[in-house]
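As structure tokens, the structure follows; a few thoughts come after it.
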Amino acid sequence: MKTLIEALLKRALDALPEELVPTASRAVGIEVQGTRDAQHGDFASNLAMRLGKATRRNPRKVAEALLAALPKDGAIAKVEIAGAGFINFFLSADAYSEEIGKVLAQGEAYGRSDLGAGRRVQVEFVSANPTGPLHVAHGRHAAFGASVSNLLEAVGYAVHREYYINDAGRQMDILALSAWLRYLERCGERFTFPSNAYVGEYLIAVGEQLFAAEGMDLRRPAAQVFEGLPPDEPQGGDKDVYIDALMSRARVLIGEAAFQRVLRTALDGIVGDIREDLGEFGVTFDCWFSERSLSDSGAIDRSIEVLKHSGHTYSKDGALWFKSTDFGDEKDRVMVRENGVKTYFASDIAYVLNKLERGYEHLLYIWGADHHGYITRLRAALIALKGQPERFEVLLVQIVSLFRGGEKAKMSKRSGDYVTLRDLRKEVGNDAARLFYVMRSNDQHLDFDMELAKSRSNENPVYYIQYAHARVSSVMRQLKDRGLAHDLSHGIAWLGNLKEPQEQQLIKRICAYPEVLKVGAAQRAPHSLVYYLRDLANDFHTYYSAHQFIVEDAGARDARLDLALATQIVIRNGLKLLGVSAPETM
RNA sequence: GCGCCCGUAGCUCAGCUGGAUAGAGCGCCUGGCUACGAACCAGGAGGCCGGGGGUUCGAAUCCCUCCGGGCGCACCA
């Protein structure tokens, strides 16, 4: 509808005489927007005011000329000039009836568009370290990333969802050690668990698993394991010295091959758990990308060579540096440390190169806000690798604070007593969790109140929206119970007769859905879809309370039921993009 | 100190690339079930859009500055 009006205005503009609006002034963009006030019609354009500014002419005069040149169209009932020079468009009843017909005919497909023209977008999100179960902040990343991906897909992008598994580096060694120690406990060894190891309960299960697979083969006496190690948690000392010594000891005692087996078992267990957790949450990925695979395949070395060849590196203090300051970074970054070990950043560079080589036209990263300092250096690497910076985009998700009825929940990852995503899902349900997570803009801190999310009251938008959907089903059940039928096309033909303000409002809202998706996708703003669905549900509940659907007159009845069904379709489609179910009964 | 995010009704937040009298939910006050589900609806009170400059026909929106809050500034991952 909006595009139609834009096209009409374009033709009107082209038809204006040169002396009124010189070609040079015509470059202003044609903007059409939905109006807030029904008095101003359905859509309005500020084109005349922009042209007036460019040509130093009275905007209302320009508007009159545009109006005269505007082609006639059946969808437009009336056009008028208002205010400082707004051109207001009033749609015909037919145009709306037709659109409602489209909703009913297209069903699940309604609202989708090909705006993205099949362009390939890669969205990387969650990517939590595989050292334990996901917690509530990861839940926000998952819900947000999935919803943004779904929105992009709905408007015609070919979306590739990816999870980057940080399965390389020192933290993996600590993970393997922790798992092995749990295994030793299972074997019956007794000792004090290192303060720096991963203490979460989930590794006890891994220890159990190792015990089942390895039997007593990897058991070593605790006395032997801990003999002669530096103290853990020394006063003012370095705890890492202790854990490093312990890891070396483990490798010596069971051998590198066994150590890697332990690591593999722990990693597979945790990644499997994460995958299952996200799957239950309705969040799936096209690819789980292993960081380790980058070093194994030589991709890291290769990306370093590429940067060396293009002259963006130098050696200093025994380390190899990337000159990110050439691309706006505040300081250069180390890729290979003095001790020869590559940094995490080196992996990320290789990963960027990998993504570019896979041919994605757009790279979307979803990160925690605490990683914002990382954006510049990664963009720098991307540019140095000949990627186009405008195709690189990072969305930052602000922190989540968990509340229980107004009281802030303690979150301590160290002690392992933090609330996991699984706990949260179990307590408030997937639907409420998905919706609450994306209700706020991603750059807004989120206060997640579990009591509120659980409450079945009108404080909770989840049920408000779902209730509207269930109510439609209920009306249709009622219709059947009364032995009445519903004639869909008869209703469409009758739609023009629906003149109640609540009906007009609802029709207008339903028809706005495709535009909501376009804007929501462009802005990467799933919360705008939540707001829209709430408004739509509100319009429906209002209508429901004001008028009967199942009335004597068959025409009015069919038309009203069409409207109810169209509402239901849009709610269902919208909720699906957000990963929320649309129940028939509640 | 530097960088990013936030500051809008009592509370939690929308407000699209500047647009026509600033919106919603909750909370508060009044009402509404012998008709399709009251997990609902109708009405009301409540706002120098953090302060001050600037750009513009027009600023909550853009620019500058100050104030207040959050998060970052590793040869860690």
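Residue numbers begin at 1 in each chain, while the letters A, B, ... track the order of the sequences.
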rG37(B) - base-pair partner by Watson-Crick or wobble geometry, distances under 3.5 Å: none

Determine if H40(A) stacks with rA20(B); use a centre-to-centre distance below 5.5 Å and an interplanar angle below 30° as the criteria. yes

Would you classify M335(A) as touching base, sugar-phosphate or nothing, given that sugar-phosphate means primed atoms plus P, OP1 and OP2, and contacts are heavy atoms under 4.0 Å? nothing

Let's see if you get this right: which residues in residues 556-570 of chain A place a heavy atom under 4.0 Å from RNA chain B? none

Is there a donor and acceptor pair, one atom on the side chain of H372(A) and one on the base of rG3(B), closer than 3.5 Å? yes

Interatomic spacing from OG in S195(A) to CD1 in I243(A) - rounded to 0.5 Å: 7.0 Å

Taking rC41(B), rG70(B), rA35(B) as options, the one with an atom nearest any side-chain atom of R482(A) is rA35(B)

H362(A): which residues meet the ring pair (Phe, Tyr, Trp, His ring centres under 6.0 Å) condition with it, sequence neighbours left out? none

Has F86(A) got its ring stacked on rA20(B), by the test of a centre gap below 5.5 Å and a plane angle below 30°? yes

Does a distance-only test, which skips hydrogens and angles, find a donor-acceptor pair under 3.5 Å between the side chain of N88(A) and the base of rA20(B)? yes

Closest to the Y467(A) side chain: rA39(B), rC16(B), rA20(B)? rA39(B)

Does the rG19(B) base have a donor-acceptor partner in the side chain of N46(A) within less than 3.5 Å? yes

